[in-house]
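First comes the structure, then the notes that go with it.
Just so you know, these numbers come straight off a predicted model, no measurement behind them.
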Amino acid sequence: AYADDLMTIISTTAEWIALENCLQTYGRASNAKVNLSKTVAFPMAPSYSIELQTRLEQLHIQWHDQNSADALIYLGFPIPFNRNQEQGFWDKMLKKIQSAIAIHSSRSLSVLGRATIVNSLILSRLWHLSWVVKPPPDFLRKVKSAVSSFVCSFKPRPSWEVITTPRDKGGLGVIDPAIQGQVFQLKHIRNALATNI
């Protein structure tokens, strides 16, 4: 459980009935009710119970698998079942970044002001994602191009290395999404190695 989100793992209709009974007991004790219309079920293996899928769909629970148009989103993170869903998720993320850039492009900002906007607002979605998901190289190249054009809307444009160099070393201080993602991954590895088992 996380905040008001709950994830459970079941594999049969009997297990669903048992879970349903638990939820009903919880509802009577807390005067709260689980909203099944906002519940999403998805398989965690190639083979799964069709009977269970049918039962859940009869209860108007959303079923998400490789036939769904988009990737499943859980706590802001994508759970794709195929490459099309994964690509679709990153395409939408790129459009959101480009849309944010378009909004801030109309503002009268200095170069350093634009760099600050990039770090704190435009790429903030990526900082959340990068803790768990590694963005594909093609996506990062497109983000790099969009950010460079926004921060330095003049030509000749400084190199990406100058744009991402810290300000105290003569750069603009834009955080490189690719490097930031690697930093987050290394933190996960460090935490895992530091855990006493």
Side-chain angles (χ1 to χ4, degrees), residues 1-103 120-140 142-143 146 177 180-181 183-185 187-189 191-192 195 197:
Y2 180 84
D4 60 347
D5 286 294
L6 174 67
M7 176 180 284
T8 60
I9 299 176
I10 58 175
S11 58
T12 64
T13 303
E15 289 180 354
W16 163 253
I17 294 172
L19 174 60
E20 200 172 22
N21 290 334
C22 290
L23 294 175
Q24 290 172 355
T25 301
Y26 167 77
R28 289 192 296 269
S30 64
N31 200 29
K33 185 178 180 180
V34 175
N35 190 345
L36 293 182
S37 66
K38 291 185 177 181
T39 299
V40 179
F42 63 95
M44 298 184 69
S47 59
Y48 53 86
S49 169
I50 300 300
E51 179 188 356
L52 176 60
Q53 177 186 356
T54 302
R55 177 66 178 269
L56 296 178
E57 289 179 332
Q58 288 173 345
L59 295 170
H60 304 291
I61 292 175
Q62 302 172 56
W63 181 265
H64 202 104
D65 59 18
Q66 69 275 10
N67 297 314
S68 302
D70 301 312
L72 174 64
I73 306 299
Y74 182 67
L75 298 178
F77 301 107
I79 304 177
F81 288 85
N82 55 49
R83 292 189 179 275
N84 288 336
Q85 290 180 358
E86 181 181 11
Q87 185 62 49
F89 171 82
W90 291 113
D91 287 345
K92 289 181 179 179
M93 180 58 59
L94 180 63
K95 287 181 180 179
K96 289 179 181 178
I97 291 173
Q98 292 171 333
S99 177
I101 286 175
I103 291 171
S120 60
L121 298 177
I122 294 175
L123 295 183
S124 59
R125 293 181 179 89
L126 278 187
W127 307 153
H128 174 70
L129 280 171
S130 296
W131 275 103
V132 176
V133 183
K134 182 180 180 181
D138 185 57
F139 169 81
L140 291 173
K142 292 175 181 177
V143 169
Q180 184 78 329
V183 169
F184 290 153
Q185 291 165 26
K187 286 185 176 180
H188 282 312
I189 294 173
N191 292 338
T195 302
I197 301 177

Checklist entry - Hey, mind stepping through L129 and F89 against side-chain contact (heavy atoms from CB on, under 4.5 Å) and telling me if it holds? => result CA-CA 12 Å; L129 280 171; F89 171 82; 3.8 Å; yes

Item to check | For P177 against L126, the heavy-atom pair lying closest together | outcome: CB-CD1, 4.0 Å

Item to check | Main-chain N/O of S68 paired to Q85 side chain as donor or acceptor, under 3.5 Å | outcome: yes

Checklist entry - Going by heavy atoms in the side chains, are L59 and E20 under 4.5 Å from each other? => result yes

Checklist entry - Can you name the closest pair of heavy atoms from W63 and L56 and give their distance? => result CZ3-CD1, 4.1 Å

Checklist entry - Would you find more than 12 non-hydrogen atoms of other residues, nucleotides or ligands less than 6.0 Å from Q24 atom CD? => result yes

Item to check | Trace of the side-chain contact (heavy atoms from CB on, under 4.5 Å) decision for L52 with T12 | outcome: CA-CA 6 Å; L52 176 60; T12 64; 6.0 Å; no

Checklist entry - Could you state the interatomic distance from CG (N21) to CH2 (W16), rounded to the nearest 0.5 Å? => result 10.0 Å

Checklist entry - Which of parallel (below 30°), tilted (30 to 60°) and perpendicular (above 60°) describes F139 and W90? => result tilted

Checklist outcome for this item: Here the gap from L123 atom CG to R125 atom CZ, rounded to the nearest 0.5 Å, amounts to 10.0 Å

Checklist entry - Can you tell if the side chain of Y74 reaches within under 4.5 Å of the side chain of D5, non-hydrogen atoms only? => result yes

Next on the checklist: Under the criterion side-chain contact (heavy atoms from CB on, under 4.5 Å), I'd like the reasoning laid out for K92 against D70: C-alpha separation, chi angles, the key distance, then a yes or no.
Outcome noted: CA-CA 10 Å; K92 289 181 179 179; D70 301 312; 3.2 Å; yes

Checklist entry - Quick one: salt bridge (charged side-chain N to carboxylate O under 4.0 Å, His left out) partners of K33, sequence neighbours excluded? => result none

Checklist entry - Within the side chain of H188, is there an N or O that forms a donor-acceptor pair under 3.5 Å with the backbone of W131? => result yes

Next on the checklist: Does I50 have more than 12 heavy atoms from other residues, nucleotides or ligands lying within 6.0 Å of its CD1?
Outcome noted: yes

Checklist entry - If you look at every heavy atom in H128 and F77, which pair is closest and at what distance? => result O-CE2, 3.2 Å

Checklist outcome for this item: Nearest heavy-atom approach of I61 to T39 is CG2-O, 3.5 Å

Checklist entry - Quick check: are there more than 12 heavy atoms from other residues, nucleotides or ligands sitting under 6.0 Å from OH of Y26? => result no

Item to check | Minimum side-chain heavy-atom gap R55-I17 below 4.5 Å | outcome: yes

Checklist entry - For L121, what residues pass the side-chain contact (heavy atoms from CB on, under 4.5 Å) criterion, not counting sequence neighbours? => result H104, I117

Item to check | Considering all heavy atoms, the nearest L72-H64 contact | outcome: N-NE2, 3.2 Å

Item to check | Rounded distance [0.5 Å steps], CD in Q185 versus CD in Q180 | outcome: 11.0 Å

Checklist entry - Looking at residues at least two apart in the chain, or sitting in another chain, which of them share a salt bridge (charged side-chain N to carboxylate O under 4.0 Å, His left out) with D138? => result R141, K142

Item to check | Pairwise distance OG1(T8) to CG(L19) - rounded to 0.5 angstrom | outcome: 4.5 Å

Next on the checklist: Set out, in order, the CA-CA distance, both residues' side-chain angles and the distance that settles side-chain contact (heavy atoms from CB on, under 4.5 Å) for E51 and T54, then state yes or no.
Outcome noted: CA-CA 5 Å; E51 179 188 356; T54 302; 5.8 Å; no

Next on the checklist: Rounded at 0.5 Å granularity, tell me how far NZ in K96 sits from CD1 in I101.
Outcome noted: 15.0 Å

Checklist entry - What are the two closest heavy atoms between P78 and I73, and how far apart are they? => result CA-CD1, 3.9 Å

Checklist entry - Just by distance, do the side chain of E15 and the backbone of S11 share a donor-acceptor pair under 3.5 Å? => result yes

